[in-house]
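In what follows, a single structure is set out as structure tokens and then discussed.
Everything quoted here is computed from the prediction, not taken from an experiment. Position 1 is the first residue of the sequence, and the numbers go up from there.
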Amino acid sequence: MKKCVVVSDSFKGTLSSLEICRLARESVPRLFPGCEVDTVPVADGGEGTVDCFVEALGAQKVPVSVTGPFGEPVQAAYARKGEQAIIEMAAAAGLPLAGTRGDPERTTTYGVGQLLRHAVEQGCRRILLGLGGSATNDGGCGCAAALGAEFRNARGETFVPVGGTLDQIVQVDTGTLRALLKDVRVTVMCDVENPLHGPQGAAHIFGPQKGADPEMVRRLDGQLQALDEVFRRELGMDLGRRPGSGAAGGMGAGCVAFLGAELRSGIEAVLDTVRFDRRLEGADLVITGEGRIDAQSLGGKVISGVAGRVRPRGIPLVAIVGAIDPSASAAYDLGVTAIFGIDREAKDFREYASRSAENYQRTLEDILRLIRAVSRRA
């Protein structure tokens, strides 16, 4: 084997993507001396995204002091490579920054806008923004305010809307914001399809994990409905039902409305940014993986995204995962060659006796698939 490409998601709470890549760089050359190992750490747009891109692109990490979710100063950073900036929303508005104070009626995305503004003022013209792990529900209004948008209430006063005051917006002026973002292209990594409001919207689905009780969820949903009306009245945009508009407390809708952003699958945006197709040239093997492979892994997650790029080239693709769900066999139809779990914990035979035949057959088929793929490349 002359070249191996490793592109794996993290095993949540166990192994980071960066650690997986480090292990690969240690192990592959030991078993295949002289083999080129190209590692591509990936993240879904949440916490850790910037660090992954710093390594994957050899990018510069740019520290910035910004406003945290409750208005306090926090230290954040984004990655920069030439005119490209990679920003993770969680760095300025993430759940860990909120701690036990979860209150999505008060939290703000203002610091996210400050990161964007800093990158643009430093000459970045292509922004990749990751949505994930947010503590906010302000529809991206705080972010827009930091970039120059002005929100006015019924008394004509300017203010920065938060999750509990979106219904106070009477007028929006985006002139300064538009001038700042002229010739700047913003792409958003968004892997959820929830609408802005309603039973499957931002407040109902994500509000509870941010600290909202049932009554607050109801209020937050009403606030997002009011924001939806603002988008229609002030900006001429109907975003309430758009898939992904409810991502990160309505930040998905705000990015489209205020930043003119394109919402894209996270893994597809990552693979394009790191020029993954070019990295596949000359590869003999690709290794991917995540903490658990199941039917959800096959719908726009890392493994399915990688498989879509690798399969047309006929390169063997091995998935190394923490746990394997019975539904994971569908991955073979996507182009995964073999799946291996890392769980080696000894268990009483009685715990899996009823599944022994199934487990044996799946393991055997994985081995046979790998042998077949290698023989085809010989």
Side-chain angles (χ1 to χ4, degrees), residues 9-19 43-52 54 61-79 86-118 129-146 159-166 188-192 194 201-221 223-224 246-252 254-255 266 291:
D9 201 352
S10 63
F11 290 17
K12 295 293 189 291
T14 305
L15 280 172
S16 70
S17 183
L18 291 168
E19 290 174 306
D44 60 6
E47 188 176 8
T49 296
V50 165
D51 288 336
C52 284
V54 166
K61 192 170 185 177
V62 183
V64 187
S65 179
V66 299
T67 299
F70 285 101
E72 74 285 13
V74 298
Q75 291 300 313
Y78 63 89
I86 298 94
I87 297 171
E88 62 184 60
M89 180 183 182
L95 278 170
L97 295 176
T100 59
R101 298 174 293 166
D103 185 354
E105 286 187 309
R106 295 175 49 227
T107 48
T108 180
T109 57
Y110 195 89
V112 182
Q114 290 176 307
L115 285 171
L116 280 159
R117 188 180 194 106
H118 189 278
L129 173 61
L131 305 188
S134 77
T136 56
N137 208 82
D138 70 354
C141 290
C143 173
F159 73 111
V160 179
V162 292
T165 62
L166 299 176
V188 172
M189 298 166 62
C190 175
D191 283 327
V192 303
N194 302 77
H204 283 281
I205 300 302
F206 306 114
Q209 71 189 40
K210 302 176 185 185
D213 60 22
E215 178 57 27
M216 184 185 289
V217 165
R218 185 191 65 77
R219 294 197 301 269
L220 289 171
D221 190 64
Q223 293 288 335
L224 290 173
M251 185 72 169
C255 287

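Residues satisfying the side-chain contact (heavy atoms from CB on, under 4.5 Å) criterion with Ser10, sequence neighbours excluded, are Lys12. Residues that satisfy the salt bridge (charged side-chain N to carboxylate O under 4.0 Å, His left out) test with Asp51, not counting sequence neighbours, are Lys61.
Side-chain contact between Tyr78 and Ile86 is absent, with no heavy atoms from C-beta onward closer than 4.5 Å. Side-chain contact between Thr109 and Met89: present, with at least one pair of heavy atoms (C-beta onward) separated by less than 4.5 Å. Side-chain contact between Asp138 and Pro161 is absent, with no heavy-atom pair separated by less than 4.5 Å.
The structure places CG of Leu95 at 8.5 Å from OG1 of Thr136, a figure rounded to the nearest 0.5 Å. Here Glu105 contributes atom CD and Leu166 contributes atom CG; the two are 10.0 Å apart, rounded to the nearest 0.5 Å. With rounding to the nearest 0.5 angstrom, the CG atom of Asp213 is 10.5 Å from the CZ atom of Arg218. Cys143 SG to Leu129 CG: the interatomic distance, rounded to the nearest 0.5 Å, is 7.0 Å. For the atom pair Cys52 SG and Leu18 CG, the distance stands at 4.5 Å (nearest 0.5 Å). Here Lys210 contributes atom NZ and Asn137 contributes atom CG; the two are 5.5 Å apart, rounded to the nearest 0.5 Å.
Residue pairs that meet the salt bridge (Lys or Arg N to Asp or Glu O under 4.0 Å) test with at least one member in residues 95-104, sequence neighbours left out, are Glu72-Arg101, Asp103-Arg106.
Closest heavy-atom contact between Ala92 and Leu115: CB-CD1, 4.1 Å. Ala91 and Ala76 make their closest contact through O-CB, 3.6 Å (heavy atoms, listed as atom of the first residue, atom of the second, distance). Between Cys190 and Ala247, the closest heavy-atom pair is SG-CB, 3.6 Å. Considering every non-hydrogen atom in both Ala98 and Pro69, the closest pair reads N-CG, 4.1 Å. Shown here for Met251 and Gly140, the closest heavy-atom pair between the two residues is SD-CA, 3.4 Å. The minimum heavy-atom distance between Ala202 and Leu224, with the atom names listed, is CB-CD1, 3.8 Å.
Looking only at distances, no side-chain donor or acceptor of Arg219 sits under 3.5 Å from a matching main-chain atom of Gly164. Of the possible polar contacts, one joining the Glu88 side chain to the Thr49 backbone as a donor-acceptor pair under 3.5 Å is found. Distance alone, capped at 3.5 Å, places no donor-acceptor pair between the Thr67 side chain and the Tyr110 backbone. In this structure, the side chain of Asp221 does not engage the main chain of His204 through any donor-acceptor pair within 3.5 Å. Asn194 places no side-chain N or O within 3.5 Å of a backbone atom of Gly246 that could act as its donor or acceptor partner.
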